[in-house]
Trainee: 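Before we start, here is the structure in question, set down as structure tokens.
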Amino acid sequence: MQVEHQTLSANQHPFQVTAYWLDQISDFEENVDYPVMIICPGGGFTYHSGREEAPIATRFNAEGMHTIILNYQLETEDESVYPWALQQVAQTIAWVTAHAQKRHVATDRIFLTGFSAGGHVVALYNAVATDPELRQQYGLDDYAGEHAAVILGYPVIDLNAGFPTSDADKKLVTADEQLWAAQKLVSKATKPAFVWQTATDELVPAQNSMLYVQALMANDVDVEYHLYGSGIHGLALANHVTEKPTKSKYLNKAASQWVNLATQWLQQEGLLAGEF
């Protein structure tokens, strides 16, 4: 595996990506083009959680995917998250597409994965990028390539559904209220989604994921949803790898199955080789 750090730019807003490129297997008779998973970590729109970066990336490398960590635009004193984060996702997809031959990428199998605040970025992109009018409105038409599916873990979906808690904080994310509620932008063209959360999430209420799943179902978009009965926010892999030291509340046996379930779902969607 090769690890590549790159600074990309979208509309004069630079951002960092870290790619984990799989090597070709020497005793295969021909080269293999692998899917790519682009990961948007959580962090409340103010930082990027390391627990949702390399541990997630390397776990999905083991399932036969290249992975890329996308450090999207955060809220600052001078900048909001949107629309820049949407354009940064588009630029990352374009960068992957441009390097597809060199890196042996299956460009028809680009997946977006988002956690918490990063889930809002991914869920929004999933609607905006698949709607011609919204693509033009938010400056995505200049970027090549497209994604095939999304995976969301305990996502923020609607800024009015419990996180952030104040109007001032919502406006730091974006003053454009059209972008507050990802579920309201879902259409029949929105890409399939795998979604998981815990019913007892204390930071981002489970209502968020429910709103998104209901919108997908209303538009006949393929979706698989797992709502685990208990567990805190920010479980990441929910196992020993992402457990904070001496904090067993980050362990959750039931929720730790989400990676296997998401992998099976991608296979069922015809987006990943193999079957169970």
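Computed from a predicted model, the values in this text were never measured in an experiment. Below, each value reflects all heavy atoms present in this structure, side chains not excepted, and no hydrogens, waters or symmetry copies.
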Trainee: If only side-chain N and O atoms count, and only distance matters, is there a donor-acceptor pair under 3.5 Å linking K170 with N160?
Mentor: yes
Trainee: Are the ring centres of Y82 and H120 closer than 6.0 Å?
Mentor: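 Yes, ring centres under 6.0 Å apart.
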Trainee: Is a donor from one side chain sitting under 3.5 angstrom from an acceptor on the other, for D176 and Y138?
Mentor: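 Distance-only check passes for D176 and Y138.
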Trainee: Under 3.5 Å, side chain of N126 to main-chain N/O of T190, donor-acceptor pair present?
Mentor: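 Here the side-chain-to-backbone pair does not exist.
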Trainee: Tell me whether the rings of W258 and F60 are parallel (<30°), tilted (30 to 60°) or perpendicular (>60°).
Mentor: tilted
Trainee: Identify whether the distance between the nearest side-chain nitrogen and carboxylate oxygen of R59 and E63 falls below 4.0 Å.
Mentor: yes
Trainee: Does a donor on one side chain and an acceptor on the other come within less than 3.5 Å for H226 and Q257?
Mentor: no
Trainee: Looking at S187 and A189, would you say the former's side chain and the latter's main chain have a donor-acceptor pair under 3.5 Å?
Mentor: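 Here the side-chain-to-backbone pair exists.
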Trainee: Treating N208 as the side-chain partner and D158 as the backbone partner, does any N or O pair qualify as donor plus acceptor under 3.5 Å?
Mentor: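 Yes.
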Trainee: Decide if atom CD of E146 counts as having more than 12 heavy atoms of other residues, nucleotides or ligands within a radius under 6.0 Å.
Mentor: no
Trainee: Taking side-chain hydrogen bond (donor to acceptor under 3.5 Å, both in side chains) as the definition, give me every residue that meets it alongside D108, ordered by chain and number, with sequence neighbours left out.
Mentor: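 Partners of D108 under the side-chain hydrogen bond (donor to acceptor under 3.5 Å, both in side chains) test: none.
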Trainee: Using only heavy-atom distances, determine whether the side chains of Q267 and E269 contain a donor-acceptor pair under 3.5 Å.
Mentor: no
Trainee: Got a donor-acceptor contact below 3.5 angstrom from the E52 side chain to the G42 backbone?
Mentor: yes
Trainee: Looking at E79 and Q73, would you say the former's side chain and the latter's main chain have a donor-acceptor pair under 3.5 Å?
Mentor: no
Trainee: Using a 3.5 Å distance criterion without hydrogens, assess whether the side chain of H104 forms a donor-acceptor pair with backbone atoms of D23.
Mentor: no
Trainee: Is a donor on one side and an acceptor on the other found under 3.5 Å between the side chain of S256 and the backbone of N239?
Mentor: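 No, because the side chain of S256 does not come within donor-acceptor range (under 3.5 Å) of the backbone of N239.
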Trainee: Does either side chain, that of N71 or that of E53, offer a donor lying less than 3.5 Å from an acceptor on the other one?
Mentor: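 Yes, E53 and N71 have a side-chain donor paired with an acceptor closer than 3.5 Å.
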Trainee: Identify the residue among D220, D131, D222 that makes a salt bridge (charged side-chain N to carboxylate O under 4.0 Å, His left out) with K188.
Mentor: D220
Trainee: Would you tabulate the side-chain donor-acceptor contacts of residues 198-207 under 3.5 Å, counting partners in other chains and residues two or more places apart, or write 'none'?
Mentor:
from : atom 1 : to   : atom 2 : distance (Å)
T198 : OG1    : D201 : N      : 3.4
T198 : OG1    : G231 : O      : 2.8
T200 : OG1    : G231 : N      : 2.8
T200 : OG1    : G231 : O      : 2.8
D201 : OD1    : L203 : N      : 3.0
D201 : OD1    : V204 : N      : 2.9
D201 : OD1    : H233 : ND1    : 3.1
D201 : OD2    : Q197 : NE2    : 3.3
D201 : OD2    : H233 : ND1    : 2.8
E202 : OE1    : H233 : N      : 2.9

Trainee: Quick check on ring pair (Phe, Tyr, Trp, His ring centres under 6.0 Å): which of F111, Y20, Y34 does H66 satisfy it with?
Mentor: Y34
Trainee: Check for a donor-acceptor pair, side chain of R109 on one end and backbone N or O of D33 on the other, with a separation under 3.5 Å.
Mentor: yes
Trainee: So, T174 side chain and K171 main chain: donor-acceptor pair closer than 3.5 Å or not?
Mentor: no
Trainee: Hey, what's the ring geometry for W196 with Y154, parallel, tilted or perpendicular (30° and 60° as the breaks)?
Mentor: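 Rings of W196 and Y154: perpendicular, as their planes differ by over 60°.
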Trainee: Let me check something: do F115 and V89 share a hydrophobic cluster, defined by ILVMFWY side-chain heavy atoms less than 4.5 Å apart, either directly or through other members?
Mentor: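 The answer is no; the residues belong to distinct hydrophobic clusters.
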Trainee: Report the relative orientation of the aromatic rings in W95 and H99; use parallel for angles under 30°, tilted for 30 to 60°, perpendicular for over 60°.
Mentor: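 W95 and H99: tilted rings.
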Trainee: Quick one: closest heavy-atom pair of V121 and L86, and the distance?
Mentor: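 That closest heavy-atom pairing would be O-CD2, 4.0 Å.
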Trainee: Counting heavy atoms not belonging to E133, are there more than 12 under 6.0 Å from its CD?
Mentor: no
Trainee: Closest heavy-atom contact between P164 and V173?
Mentor: CG-CG2, 4.4 Å
Trainee: List the atom of A85, the atom of Y72, and the distance in Å for their closest heavy-atom pair.
Mentor: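 Nearest pair, atom of A85 first, then Y72: CB-CB, 4.2 Å.
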Trainee: Is the number of heavy atoms from other residues, nucleotides or ligands within 6.0 Å of CE (M1) greater than 12?
Mentor: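 Yes.
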